[in-house]
Amino acid sequence: MAEEKKSLNFLEQIVEDDIKAGKNGGRIHTRFPPEPNGYLHIGHAKSICLNFGLADNYGGQTNLRFDDTNPVTEDTEYVESIKADVRWLGFEWENELYASDYFDQIYDFAVTLIKKGLAYVDDQASDMIAAQKGSPTVPGEESPFRYRTIEENLDLFERMKAGEFADGEKVLRAKIAMDHPNMHMRDPLIYRIKHATHHRTGNKWCIYPMYDFAHGQCDSIEEITHSVCTLEFDVHRPLYDWFIEKLGIFPSKQYEFARLNLSHTVMSKRRLLQLVNEKIVSGWDDPRMPTISGLRRRGFTPASIRNFCEKIGIAKRDNLIDVGVLDFCVREDLNKSAARVMAVLDPLKVVITNYPEGQTELLSIENNPEDIESGKREVPFSRELYIEREDFMEVPAKKFFRLGPGLMVRLKGAYIIQCDDFVKDAAGNVTEIHCSYVPNSRSGEDTSGLNVKGVIHWVSIEHAITAEVRNYDRLLIIEDSSQVGDQFKKFLNPESLTVIPQVFVEPSLKDAEIGKSVQFMRKGYYCLDPDTTADKLIFNRTVSLKDTWAKEKNK
RNA sequence: UGACCGAUGGUGUAAUGGUAACACUACGGUUUUUGGUACCGUCAUUCAUGGUUCGAGUCCAUGUCGGUUGACCA
């Protein structure tokens, strides 16, 4: 019995060590903690797969917890989209929770801190507080309000809660050390006044805890064992631990991993929002967006995204993953499942001169050579066809295995044809080509003995239906958007969306379902966009097929 | 210029002191009624220097480079 040793990432290692040491009775409990102020993106998918995966693999549970401590920016619209996206990715949470569920408890935690002399109300304006913070190399100064009595702090904090003060008039701060080398430990703000309506608690509260005084407390209340977050929270960990220790509550532990950076796109919520607000994209679900909803509309499958997250790994060093990896994952998945169909995107008319006028025959073509179970469909063939313009060359290049004067190709699932002649317009463009077919070369019953190298796709003009095609490509022309900051808009790819208003597709596509992926043979994977109407089919390109001829051609 | 984190092929991720591996990309080739898929092959003395050790990618020290961190955001 060959024992295959699966290599562990550093978090799995920690979890296994903890289980071995009997920590928390061997219990594993993680959480995915989005703030409901934006849509989920592929970076969140990495975190979702990590948190749910860790729990799944070690018999644990995962909570979905909305980090809703800032009523000004948060909304239920986002809550709903986040839930839908997590489910679509294939995960089911143990408990649906909200930081706002714990506002009473967190308030009590603050009171506890005040009573221990570890928190105080500061009356200063934010710029004053900021000035007193000092800098990484210069110690901060203590607030003149730092040594108020416990009674006074208790009274003031209660009156903050009661709504006696305006926004910004007072804050509650933890009393740690103004000369701490870690800036986050210099008496951080833990409560602020915001007279705003919260999406869940309405107007019950006018004070709200800050992230640092909410996240770890929620983790602790839920007895989360492994609180996994991204690297930038590393510097918050001493504070995370400080609150838990001073409060004497369940000791959740925080661990940090490197967030996903994807090439040729932007990932920060702020920049994605900018693309939406400035109408550079059509919305959060624009197929060019790295959002889960954008990827879904683009035609990515949940399995392809999960595989992607598995493939890129978990570590602590900064990384930049090439979008090509995502392309690979979706091709890998769709290759097995997507039905093959024929679509001509850039038509060139072909007349089969020796095929009877008015005759039609139905050819039976397999739906997917990778999946015999998928069966066959009937495709109509007739005298006049469209083929792809790029499949004909007036003066064929070396190694061009398609049509040109005197050259032969197989029409996929049909006959072998030979190009006899072509017609040009006044401008010198080829407008149609004349071919003759080999009657005994019909696919599956070929007795011609001919062996042609090229196989091309086609549609019967008489039977074809039309559709709009939206070809998507990478959002940016540069790999690493982190190097250009807010200048990223200067590097938008003008070809991130190319619309082809009218293409010709085989009639079976009349019954295409929204969101279902198909392969346009020799072109790429496409899926029907929700913008589709009764009289207009719209297909999004998920990803093109690999094209080694494109490379050969450019040699 | 403080604190913290990191450094392994073009890109990611492994190797848990004992022969540097896997995937993607790229480049060759085989198969193919998709120039797709599948399959085969090619591409590395682990940032530098010193130390510990029989043995170091791994441990220690110093340096270099990169990242994070100073919102009444999370």
Side-chain angles (χ1 to χ4, degrees), chain A residues 5-10 13 33-35 37-38 67-70 72-74 99 122 125-126 129-130 133-140 167-173 180-186 189-194 207-208 210-212 214-215 229-238 256 258 263 269-270 311-322 324-325 327-329 331-332 335-336 340 342 365-366 369-370 399-402 409-414 416 443-444 446 452-457 479 482 519-524 544-553:
Chain A
K5 206 187 290 172
K6 185 184 168 282
S7 70
L8 304 176
N9 65 49
F10 78 100
Q13 188 64 250
E35 185 191 9
N37 71 343
D67 223 333
D68 55 351
T69 56
N70 187 356
V72 183
T73 55
E74 295 154 4
D122 197 333
S126 63
I129 293 176
K133 273 250 150 129
S135 77
T137 49
V138 179
D167 287 9
E169 209 176 319
K170 287 184 167 37
V171 291
L172 185 69
R173 291 227 255 168
H180 201 286
N182 182 334
M183 298 292 287
H184 292 277
M185 299 295 272
R186 319 247 264 222
L189 271 64
I190 61 179
Y191 258 96
R192 76 291 214 191
I193 300 171
K194 275 181 193 282
I207 57 171
Y208 294 91
M210 299 285 290
Y211 167 84
D212 285 309
H215 199 98
C229 61
T230 45
L231 252 26
E232 68 269 27
F233 291 100
D234 180 298
V235 276
H236 293 244
R237 181 150 36 85
E256 309 85 20
S263 75
K269 251 184 222 177
R270 203 172 63 76
K311 201 174 289 278
I312 59 177
I314 300 293
K316 292 193 77 159
R317 67 188 90 102
D318 293 317
N319 59 79
L320 179 62
I321 310 286
D322 197 292
V325 180
D327 291 346
F328 170 82
C329 290
R331 284 193 191 107
E332 184 184 43
N335 176 50
K336 292 178 292 189
R340 273 57 170 172
M342 294 195 284
I365 305 181
E366 77 275 7
E370 302 295 316
K399 293 197 200 168
F400 184 72
F401 310 131
R402 307 179 195 175
V409 288
R410 153 93 50 198
L411 293 172
K412 173 67 192 178
I416 293 172
S443 214
D446 184 356
V452 296
K453 177 130 178 129
V455 179
I456 64 172
H457 61 280
E479 274 200 331
S482 75
Q519 184 196 100
F520 287 177
M521 288 198 92
R522 306 207 301 138
K523 286 291 163 191
S544 66
L545 251 34
K546 277 211 261 175
D547 185 357
T548 51
W549 167 246
K551 275 178 281 188
E552 181 69 30
K553 194 169 50 177

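In what follows, every chain begins at residue 1, and chains take the letters A, B, ... in the order their sequences are listed. Because the structure is a prediction, the values reported are computed rather than measured.
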Atom pairs, N/O to N/O, protein against nucleotides 39-48 of chain B, distance under 3.5 Å?
none

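- Comparing the same atom, C1', in B/C72 and in B/U16 gives a spacing of 45 Å after rounding to whole Å.
- Residue contacts for A/Phe520: at a heavy-atom cut-off of 4.0 Å it reaches no nucleic acid atom on any strand shown.
- With sequence neighbours left out, A/Lys399 forms a side chain to side chain donor-acceptor pair (under 3.5 Å) with A/Glu552.
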Please list, pair by pair, any protein nitrogen or oxygen found under 3.5 Å from a nitrogen or oxygen in nucleotides 11-15 of chain B.
{"residue": "B/U11", "atom": "O3'", "partner": "A/Leu320", "partner atom": "O", "Å": "3.4"}
{"residue": "B/U11", "atom": "O2'", "partner": "A/Leu320", "partner atom": "O", "Å": "3.2"}
{"residue": "B/G12", "atom": "OP1", "partner": "A/Leu320", "partner atom": "N", "Å": "2.9"}
{"residue": "B/G12", "atom": "O2'", "partner": "A/Ile312", "partner atom": "O", "Å": "2.8"}
{"residue": "B/U13", "atom": "OP2", "partner": "A/Arg317", "partner atom": "NH1", "Å": "2.6"}
{"residue": "B/A14", "atom": "OP1", "partner": "A/Ile314", "partner atom": "O", "Å": "3.1"}
{"residue": "B/A14", "atom": "O2'", "partner": "A/Ser7", "partner atom": "OG", "Å": "3.2"}

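- OP1 or OP2 of B/C27 has at least one side-chain nitrogen or oxygen of A/Lys551 nearer than 4.0 Å.
- Stem regions for RNA chain B, each three or more consecutive Watson-Crick or G-U pairs with both distances under 3.5 Å and listed by first number, read B:2-7 with B:64-69, B:10-13 with B:21-24, B:26-30 with B:38-42, B:47-51 with B:59-63.
- Residue-level contact check: A/Gly454 touches neither bases nor backbone, having no heavy atom under 4.0 Å from any strand.
- Comparing A/Gly324 and A/Leu545 against RNA chain B, the residue whose closest nucleotide sits nearer the 5' end is A/Gly324.
- The side-chain contact (heavy atoms from CB on, under 4.5 Å) check on A/Thr230 picks up A/Glu232, A/Phe233, A/Phe257, A/Arg259, with sequence neighbours excluded.
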*Sugar-phosphate means primed atoms, P, OP1 and OP2; the rest is base. With that split, encode nucleotides 68-74 of chain B 5' to 3' as B, S or - using protein heavy atoms under 4.0 Å.*
SSB-BSB
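- Heavy atoms of A/Lys546 sit under 4.0 angstrom from primed sugar atoms or phosphate atoms, though from no base atom.
- Annotation: cation-pi pair A/Lys194/A/Tyr208 absent, no NZ/CZ under 6.0 Å from the ring centroid and within 45° of its normal.
- The base of B/G10 has none of its N or O atoms less than 3.5 Å from a complementary donor or acceptor on the side chain of A/Glu479.
- Dashed line: the shortest gap from a side-chain N or O of A/Lys523 to OP1 or OP2 of B/U34 is not under 4.0 Å.
- Note on A/Arg340: a base of the nucleic acid sits closer than 4.0 angstrom, heavy atoms only.
- If you check every strand for non-hydrogen atoms under 4.0 Å, A/Arg402 touches a base.
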